[in-house]
Amino acid sequence: MRKKLSKDFICAFALTSIFAVLSLFRLGNTYAPQSYYTADSENRDIILDFGSYLDVSSVSVFLGNLNTRHFSLSAFNEVTGIWEVVDGDAVAESVFAWNKIDVNYNLRYLGIVCTDDAAILNELAAQGPDGQVLLPVNASDYPALFDEQDTFPEVKTYMTGTMFDEVYHGRTAYEFLHGLTTYETTHPHLGKILISLGILVFGMTPFGWRIMSVLFGILIIPFMYLFAKKLFKNTFAATTATALLVFDCMHYTLSRIATIDIFAAFFILAMYYYMYRYLEADHQYRMTKNALSDSFMPRPIYTALALSGISMAFGIATKWTGVYAGAGLALLFIWHTLSHYPKGQVLKLFFFCSAFFILIPLLVYVLCFIPVVGYSPYKNLIDKVIQGTIYMFDYHSTLVAEHYYSSPFYEWPVIWMPLLDANDAVDATRVSAISCMGNPLIWWAGIPCSLYVFFRWIVRHDKKAGFLCIAYLAQYVPWMSVGRITFIYHYFPAILFVILMMGYTIDRIKERFPWGRKATAIYLAAAILCFFLFFPVISGLPVSKEWGMQLRWLKDWILVL
């Protein structure tokens, strides 16, 4: 037994360590402008004096937590004594990122006027035609704007600022820490609270707002191993299934971006793991002679149910997809319990589960609203929760939006439309791109594996297969009735169970065919090779546009621009 445990520990630790190294690689800068200048009704005019007439090609603005700020840029003509408008409607959109505004003007005095009620500017950097940074001679008049010039990057990429929905979730995490009005209120708030912990430790930097996602992405790996080992009782199948998760492209991308999806996926996997632990403990309990006559069931049954309920509570408090997952848990629990227990024991379990699957989730959901600050004051915490929940429902049920990279649910399994999270030019031929997509050799192979597991459930009545199918359907079927815009990353929680289905299939192949282990090893090697083939376009590593175009295996794949 010790040897087996030791082998499992080594495999799980090795896979976790590999993913930790990969996910921390070029995660983001550990520095970014921190001090800020508030341009409001009293301080909306910024006049920069460069000392002599210079060609100014651009001004880059590192925005604070207020997005889409508008500015009017003017150059002062000393001959006519008139300010000449260079750009009357310049826009800086992305928060906590460098926003470049073209100037292309020969001037000495540059006037920048904020045309909104307020703007938060963390830093300004002017550049000449050859890219050199031009420091105004009166920089000391605006110390907060020119005190961190060393943070201005030669090239703007995901390493230097926010990307995709980080402008919502990373920004909101920052606002929680500073008691500011909460911007992102379309999801429950536990995920953003978790992001704020990284910011609290490492500052409002790309590394700081992403590190908690990395941590949870890493933690999913040993959890997946435990789950697979519990399901298959086999080190080889558990190692293979976990390795498929380690080298899945979407798991890698979601673990390196400050959004809430990786947290939700972690809690969903945890809630099903502990539900399976309950079913297994219950099976062992019912094998005893006194199972149906005992007044009290053994502690492992209650412990597993409690941990499943607590995981569900955290999942729902992170994202409402936790409710979908909870419906699958309810089906599994009710189906099993009503068919195996007499009424007296069912009632005891019912009251126990009412606490852990209803009361605790409600409590956690309410508590996650504590850091929310509204545009208008709330009467109390309950009022904040009610108003926030109504707003979330109205937002998602009435949302009408279009996005080039959106995709309906039936396209997700075949990776018909990856999502381009970031794309920045590094030089004339290379870009830094991050695409959210699955590993084709894993996702595509997962389709026949899933069908096989459904066959095992429906035709062979395999309970283990049934568990996996219900878990998968709970993450996928609800999206079939969603009318709002959807993206491929919404499929990620379902992919966790597709990978377990692949582990199930691999375990069956290994047992039935003498060539099973060798074939699995060859397939796994190919999947790992595929991961590294796509690594440059999922990691932001500078890559040639030509390489990105060669990876366009399907016609709608746009992995670089």
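Nothing fancy with the numbering, it's 1 onward along the sequence. Worth knowing before you read on, the calculation uses all heavy atoms, side chains too, and leaves out hydrogens, waters and symmetry mates.
- Between Phe202 and Phe207, the ring planes lie perpendicular to each other; the angle is over 60°, past the 30° to 60° tilted range.
- Note on ring orientation: taking the six-membered ring where Trp is involved, the planes of Phe164 and His403 are perpendicular (angle over 60°, cut-offs 30° and 60°).
- With sequence neighbours excluded, the residues satisfying side-chain hydrogen bond (donor to acceptor under 3.5 Å, both in side chains) with Asn67 are Arg171.
- Side-chain atoms of Ile558 and Tyr404, non-hydrogen and from C-beta on, do get closer than 4.5 Å to each other.
- In this pair, Phe216 and Phe263 present their aromatic rings perpendicular. The plane angle is above 60°, beyond the 30 to 60° band.
- A cation-pi contact, defined as under 6.0 Å to the ring centre and within 45° of the axis, is absent between Arg508 and Tyr452.
- Taking the six-membered ring for Trp and thresholds of 30 and 60 degrees, His490 and Phe487 have ring planes inclined between 30 and 60 degrees apart.
- In this structure, Lys464 contributes its side chain and Leu231 its backbone to a donor-acceptor pair below 3.5 Å.
- Between Tyr252 and Phe531, the angle of the ring planes goes over 60°, which puts this pair in the perpendicular group of the 30/60° scheme.
- By the neighbour-count criterion of 12 heavy atoms within 6.0 Å, atom OH of Tyr31 is sparsely surrounded, having that number or fewer from other residues, nucleotides or ligands.
- Residues Glu166 and Arg210 are paired through a salt bridge, judged by an N-O separation under 4.0 Å between the basic side chain and the carboxylate.
- Taking the six-membered ring for Trp and thresholds of 30 and 60 degrees, Phe19 and His251 have nearly parallel ring planes, at less than 30 degrees apart.
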Indicate every side-chain donor-acceptor pair of residues 500-507 with a distance under 3.5 Å to a residue at least two apart or in another chain.
residue	atom	partner	partner atom	Å
Tyr504	OH	Arg456	NE	3.1
Tyr504	OH	Asp462	OD2	2.6
Thr505	OG1	Met501	O	2.9

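- Of all heavy-atom pairs between Ser407 and Met417, the closest is CB-CB, 3.8 Å.
- Taking His169 as the reference, nothing meets the ring pair (Phe, Tyr, Trp, His ring centres under 6.0 Å) condition, with sequence neighbours excluded.
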